[in-house]
Amino acid sequence: MAAEPTAHELLRKHRPTLDQALEAIRTRAYWSPHPEHPKAYGENGSLDAAAGKAAFDALLGNRLDLADQPGIDDWVGGEVSPYGIELGVTYPHPDIDVLLPAMRAGQRAWREAGPELRAVVCLEILKRISDRTHQFAHAVMHTSGQAFMMAFQAGGPHAQDRGLEAVAYAYAEQVRTPEQAEWTKPQGKRDPLVLTKRFTAVPRGIGLVIGCNTFPTWNGYPGLFASLATGNAVLVKPHPRAVLPLALTVRIARDVLAGAGFDPNLVALAAERPGEGIAKTLALRPEIKIIDYTGSTAFGDWLETNAHQAQVYTEKAGVNTVIVHSTDDYQGMLSNLAFSLSLYSGQMCTTPQNLLIPRDGIATDQGHKSFDEVTADLARAVDGLLGDDARANALLGAIVNPDVKARLESAASLGEVALASREVAHPEFPGAVVRTPVIVKLDGAKPDDEAAYMSECFGPVSFAVAVDSAADAVELLRRTVREKGAMTVGAYTTDAATEQAVEEACLEEAAQLSLNLTGGVYVNQTAAFSDFHGSGGNPAANAALTDSAFVANRFRMVEVRREA
């Protein structure tokens, strides 16, 4: 077995990548060190497709061993893939009264390591995760229901990018203050006052990452690596339906930490028994000083209200809106929207829900289109995109849980159906629940319809909402973001005044805006190092992935002064 790299070797190996990441967050230009194509893996220690699949298969029906994690009092499991297979993997269940003190024990050495060494240790963890991207892709696919290629990219390189981005921001904020300063204050004819001052970034305590079902790595890695890079230990509490990807992450992190000479208990796993609800218990423990959460608004609000001892970062839910006012590329607009509504069966926090369309129609490069024509043409675009079952399976993935399926099935009762959902058979996984999106027409002037479109309907459900004018659309957008929040906003318009009004509404309500997307970039996709995911300025999320505010309050600067 090869020797673990020394601290000096880790610095030599990863400092250039850290420097590139720092430059990327400064320029906001495109950059990624993690290949998106599956064929890029298989050399220099990384697993190719066959080896990755074999590594995933070897996990099924077995314990995922974290035997050196303190306080194991049981083994728990029960994940069932949205594609219909039981994973059968079991994980250590913690006695938190034993585990939490053990996690704190290693923090002094981790603090003393300093920002640079912590950063390159984090980059080594990410590198070893990247080497196993094919294995992670299957783990994400069979816990989230994402189709394989999406699980590979979003659960692999894109998640790794978000983790690295958090490390870069964490490092930049910690080194903003010098480690030492000589302070001299003149005293006129008397000798000057001279002090030597030393500044140390100190962690808050233990960070708790509460994972989500749909994007366990993409949403989990920013908080995990932001807390770890700023000197905190991190306890990972996965969603009970999506434990495997984060458990693999914890295992790799522990191996890297131990190999680098640090306490592996700086990262630990908290899997739970069915129905245990351990997240609430952990969130109120005095040892927990940071919480990262992605999921329902109800629990996010509970954390923000009750976990007073912790700095809480939440990504909750919102009602994402697209204004369709006019376009000079009608087919491009329809194609772009069809893809956005279909990707991963709409099970993304960034998927558009409400399409606000003037009731008297829109101007296009193909002439005037009525409200009914726009909705009918969009329905045909979705049908055309998903008409082939093989393509549909590759885009839709599987419905992640019964609640999403129930919302989809009840949506048709809310209004006139412009596009009905249909079942899609999966040739490889007959137990998969695969459904195409539904589009329902509603009237923005009817109070009964407002109850539907002003509530989040997570999943492959969207509403074409008739509004009186562009001004009414902007006002409804503004009210929706203010009251319900939004992770994304889109708009299609060729009118400068309307564009300015939409932009001003998004600036005032702190919502991320995409204008006139007709090509291969979609409103529900964001790129690490360049795009901000969420803003932290509206009810959908109190944090943005990733900005300085996401990392800066995970540590404090402590000063020691001495007379020179």
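- Applying the side-chain hydrogen bond (donor to acceptor under 3.5 Å, both in side chains) test to pairs two or more places apart or on separate chains, those with a residue in residues 407-418 are Lys405-Glu409, Glu416-Lys441.
- When the side-chain hydrogen bond (donor to acceptor under 3.5 Å, both in side chains) test is applied to Lys316, the partners found at least two apart in sequence or on another chain are Asp301, Glu304.
- Applying the ring-ring contact (aromatic ring centres under 6.0 Å, His included) definition to pairs two or more places apart or across chains, those involving residues 516-549 are Trp31-Phe529, Trp218-His533, Phe339-Tyr522.
- Partners of Asp403 under the side-chain hydrogen bond (donor to acceptor under 3.5 Å, both in side chains) rule, at least two apart in sequence or in another chain, do not exist in this structure.
- Side-chain atoms of Gln512 and Thr526 form no donor-acceptor pair, as typed in the model, at a separation below 3.5 Å.
- Annotation: side-chain hydrogen bond (donor to acceptor under 3.5 Å, both in side chains) contacts of Lys446 (sequence neighbours excluded): none.
- Partners of Glu276 by side-chain hydrogen bond (donor to acceptor under 3.5 Å, both in side chains), not counting sequence neighbours, listed by chain and number: His93.
- A donor atom on one side chain and an acceptor atom on the other are found under 3.5 Å apart for Glu165 and Thr546.
- A ring-ring contact (aromatic ring centres under 6.0 Å, His included) check over residues 483-515, counting only residues at least two apart or in different chains, returns nothing.
- With sequence neighbours left out, the ring pair (Phe, Tyr, Trp, His ring centres under 6.0 Å) criterion links Phe215 to Tyr344.
- Contacts of Phe550 classified as ring pair (Phe, Tyr, Trp, His ring centres under 6.0 Å), with partners at least two apart in sequence or in another chain: Tyr313.
- Looking at residues two or more places apart in sequence or on another chain, you find a ring pair (Phe, Tyr, Trp, His ring centres under 6.0 Å) between Phe225 and Tyr221.
- For residues 447-464, the set of pairs meeting the side-chain hydrogen bond (donor to acceptor under 3.5 Å, both in side chains) definition, not counting sequence neighbours, comprises Glu450-Arg479.
- Residue pairs that meet the side-chain hydrogen bond (donor to acceptor under 3.5 Å, both in side chains) test with at least one member in residues 385-402, sequence neighbours left out, are Asp389-Arg422.
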